[in-house]
Amino acid sequence: MTGRMRGAGGYTLVEVLVAVVVFGILAASAYVALDALARAAETHRDRSDEFAAVQVAVARLDNDLRQLAARPALAPGGRLEPALVGDERVLAGTRAGWANPAGLDRSTLQRFGWRLSGSDLQRIHWPVTDRAPGSRSVTETVLADVTALRFRFRDGTGSWHSGWPLEEAASARLPTAIETVLESRRFGRIRRVVVLQ
């Protein structure tokens, strides 16, 4: 009987314990590697989402500027606002091409504005071009974590200015180009020049 037991093949307890320890080390190494890959993928996805948000914000601002219409608008007090009015930090204008897929009884022109409020880039628009005293604006935060927003306006002679319009008589005239500088905490400085004429 003892001869039969000695001849039977098998693993000793020490061999089984060594195999379990080696398997545990390999499993832990694989887990650490997979965890690092998952974190890198998540970081990459978050950065891609943030970059996509910057691209959408810049595209929307560009779209508003490219659709500018040389049409002044009435303010709630009855005074006439220029087609485009702005300084280094705020811009407001009238744009064409406001889609109307529902066929509502309204204009295809839209009065809009862009500003920096705290660290939020905001777009403001009104439901009517010529605003009555009760007209309410709609404010939308387009991009967060913005550190600076600046506008410059180029006139017909090629000179750049920090404000528009240059004189009251030219309230319907548009600049030949608008420069926008947007600074983001994550992506740095983004400069765009939209040529209008």
Side-chain angles (χ1 to χ4, degrees), residues 50-100 106-131 135-197:
E50 290 171 1
F51 188 65
V54 169
Q55 287 179 312
V56 167
V58 169
R60 289 187 65 189
L61 179 55
D62 276 7
N63 189 34
D64 277 347
L65 297 179
R66 290 181 196 286
Q67 296 284 336
L68 276 170
R71 183 199 183 271
L74 286 176
R79 72 180 167 78
L80 198 63
E81 285 186 346
L84 175 71
V85 60
D87 58 30
E88 288 185 334
R89 301 183 189 281
V90 179
L91 176 138
T94 305
R95 64 161 284 172
W98 187 18
N100 191 3
R106 66 165 172 78
S107 172
T108 57
L109 297 175
Q110 181 185 54
R111 194 70 179 170
F112 72 92
W114 286 87
R115 70 180 179 197
L116 188 63
S117 177
S119 64
D120 293 337
L121 177 63
Q122 294 181 335
R123 182 183 188 272
I124 305 113
H125 73 273
W126 288 265
V128 292
T129 309
D130 295 318
R131 299 177 313 277
S135 297
R136 292 181 175 249
S137 64
V138 177
T139 302
E140 172 189 6
T141 297
V142 179
L143 187 64
D145 289 331
V146 176
T147 57
L149 173 69
R150 286 187 301 281
F151 296 105
R152 284 196 319 157
F153 309 90
R154 186 174 182 187
D155 65 17
T157 65
S159 300
W160 287 97
H161 304 277
S162 59
W164 195 267
L166 300 178
E167 68 266 349
E168 287 293 321
S171 65
R173 207 170 61 200
L174 296 176
T176 58
I178 300 174
E179 177 191 58
T180 305
V181 176
L182 179 73
E183 292 183 21
S184 163
R185 281 193 180 92
R186 186 83 185 247
F187 298 103
R189 186 172 184 245
I190 301 160
R191 179 179 175 263
R192 302 282 295 179
V193 176
V194 176
V195 178
L196 302 177
Q197 300 172 11

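All figures in this text were calculated on a predicted structure; none of them were measured in a lab.
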To the nearest 0.5 Å, what is the distance between CD (Gln122) and CG (Leu149)? 11.0 Å
Listed once per pair and sorted, the ring-ring contact (aromatic ring centres under 6.0 Å, His included) pairs that draw on residues 175-197, sequence neighbours left out: Phe51-Phe187
Who are the side-chain hydrogen bond (donor to acceptor under 3.5 Å, both in side chains) partners of Arg154, not counting sequence neighbours? none
Any side-chain heavy-atom pair of Leu196 and Thr176 under 4.5 Å: no
Could you work out, with side-chain hydrogen bond (donor to acceptor under 3.5 Å, both in side chains) as the rule, every residue matching Arg191, not counting sequence neighbours? Glu179
Assess the residue pair Ile178 and Leu68 against the criterion (side chain to side chain contact (heavy atoms under 4.5 Å, CB included)); give the C-alpha distance rounded to whole Å, side-chain angles, the decisive distance to 0.1 Å, and a yes or no. CA-CA 11 Å; Ile178 300 174; Leu68 276 170; 3.8 Å; yes
The reported gap from CZ in Arg150 to CG in Asp87 (rounded to nearest 0.5 angstrom) is 12.5 Å
Find out whether Phe153 and Leu84 are in side-chain contact, i.e. whether some heavy atom of one side chain is under 4.5 Å from a heavy atom of the other. yes
Filter on salt bridge (charged side-chain N to carboxylate O under 4.0 Å, His left out), then keep only pairs touching residues 114-123, sequence neighbours left out; what's left? Asp64-Arg123
Which atoms form the tightest heavy-atom contact between Leu174 and Ala70, and what is the distance? CD1-N, 4.0 Å
Just so I know, are the side chains of Thr129 and Leu74 near enough to count as touching, which here means a heavy-atom distance under 4.5 Å? no
Test item: Arg111 side-chain N/O and Ala83 main-chain N/O as donor-acceptor pair under 3.5 Å: yes
Give, for atom CZ of Phe112 and atom CD of Gln67, the distance between the pair rounded to the nearest 0.5 Å. 9.5 Å
Closest approach of Ala69 to Ala96 (non-hydrogen atoms, all atoms of both residues): CB-N, 4.2 Å
Applying ring-ring contact (aromatic ring centres under 6.0 Å, His included) as the test, list every pair that has at least one member in residues 53-93; sequence neighbours left out. none
Reported CG-to-CD distance for the pair Leu116 and Glu183, which is rounded to 0.5 angstrom: 10.5 Å
So, are Glu50 and Arg185 salt-bridged, with charged N and O less than 4.0 Å apart? no
Taking the side chain as every heavy atom from C-beta outward, state whether Phe151 and Trp164 have any atom pair closer than 4.5 Å. no
Which residues share a side-chain hydrogen bond (donor to acceptor under 3.5 Å, both in side chains) with Arg89, sequence neighbours left out: none
So NE2 of His125 and CZ of Arg95: to nearest 0.5 Å the spacing works out to 10.5 Å
Is the shortest heavy-atom distance from the side chain of Asp130 to the side chain of Arg71 under 4.5 Å? yes
Under 4.5 Å between any side-chain heavy atoms of Thr147 and Ser184, yes or no? no
Can you confirm whether Arg192 sits close enough to Leu182 that some side-chain heavy atom of one is under 4.5 Å from a side-chain heavy atom of the other? no
Could you tell me which non-hydrogen atom of Asp155 sits nearest to which non-hydrogen atom of Thr157, and how far apart they are? OD1-OG1, 2.7 Å
Please tell me if the side chains of Leu91 and Leu65 come closer than 4.5 Å, counting only heavy atoms from C-beta onward. yes
